[in-house]
Amino acid sequence: MHAHVLHDILQQLRRAAHDAGRPVPRLLAVSKTQDETAVAELALQGQDAFGENYVQEAAAKRAAMAATAAAGRALEWHLIGHLQSNKAAEAAALFDWVHTVDRPKLATALARHRRAGTPLDVLIQVNIDDEASKHGCRPADVPALAAAIAAEPALRLRGLMVIPTPHADPEQRRPSFRRAKALFDALAAQFAGVDTLSMGMSDDFAIAVAEGSTLVRIGTALFGSRPPKAAP
Ligand SMILES: *Cc1c(COP(=O)(O)O)cnc(C)c1O
């Protein structure tokens, strides 16, 4: 990956934020399916936050990072994929952030397994379009889940994460981003430390930033297309 790709994305983020009169969001580089060499290359260009979807893949990649030129770099690892409660122990040990806390049981499990040291930064994943098949809690359930997280000293409630319904036209996702921002503002008014609204991916980040995203999760636009999944 060429250095100008990261530079271009950062510039697009700054421009989108400037045009909307909003703060520049953080960039989370989504490195799922990319190997440790690709991660190391980006890390050496200054990118410090990486998003992974699967606990096992992230564990292997983190271990493999020791053999790369980026070994020893302080990187932040974010879990952005759905998390089953039986993987909570491993996730709590491996990640700095979990974006996909969507039920009290998972919050409790993560808190129980987070060992001494810094608290785990967590986001509540909200099913912003109320899709039957999707993960994420209902918007109406955010206050109760936020209270459950705030009651755990091992967790730090940082905000919300959303994945709108993937319409072919990203512009169609704007109302979902707007609803997420309203929910986020209400949460931030109620809980100290809430500062992160995770929304926007490769094909819609400019819209998400215009609507108030503070952290965008970008994979394809940084690394190129992901290799297709192996056939089962
Ligand atoms: C894969 C993924 C992304 C990145 O998507 P791109 O379209 O490749 O930028 C962002 N968020 C989540 C939750 C993902 O699973």
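Both backbone and side-chain heavy atoms feed into the values below; hydrogens, waters and symmetry mates do not. Order of appearance sets the numbers: ligands from 1, and atoms from 1 within every ligand.
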Original post:
With a cut-off of 4.0 Å, which atoms of ligand 1 are near a heavy atom of Arg217?
Top reply: 4 (C), 9 (O), 10 (C), 11 (N), 12 (C), 13 (C)
**OP:** Within a distance under 4.0 Å of any heavy atom of Ile218, pick out the atoms of ligand 1 and give their elements.
**Re:** 9 (O)
**OP:** Without swapping roles, check the side chain of Arg173 against the backbone of His167 for a donor-acceptor pair under 3.5 Å.
**Re:** yes
**OP:** Look only at interatomic distance and state if Gly219 has a nitrogen or oxygen under 3.5 Å from any nitrogen or oxygen of ligand 1.
**Re:** yes
**OP:** Compare all side-chain heavy atoms of Gln56 with those of Lys87 and state whether any distance is below 4.5 angstrom.
**Re:** yes
Subject >> Short side-chain to backbone donor-acceptor contact, Glu57 and Ala59, under 3.5 Å >> reply: no
**OP:** Considering the heavy atoms of Asn53, write down every atom of ligand 1 situated less than 4.0 Å from one of them.
**Re:** 14 (C), 15 (O)
Subject >> Winner among Lys32, Met201, His135 once heavy atoms are compared against atom 14 (C) of ligand 1 >> reply: Lys32
Subject >> Contact atoms of ligand 1, heavy-atom distance to Ile80 under 4.0 Å >> reply: 11 (N), 12 (C), 13 (C), 14 (C)
**OP:** Classify the side-chain pair His99/Ser198 by whether it contains a donor and acceptor separated by less than 3.5 Å.
**Re:** yes
Original post:
Can you tell if the side chain of Leu145 reaches within under 4.5 Å of the side chain of Arg103, non-hydrogen atoms only?
Top reply: no
Subject >> Ring centers of Trp77, Phe95 separated by less than 6.0 Å >> reply: no
Original post:
Which of the numbered atoms in ligand 1 are below 4.0 angstrom from a heavy atom of Ile163?
Top reply: 13 (C)
Original post:
What atoms in ligand 1 come closer than 4.0 Å to a heavy atom of Thr220?
Top reply: 6 (P), 7 (O), 8 (O), 9 (O)
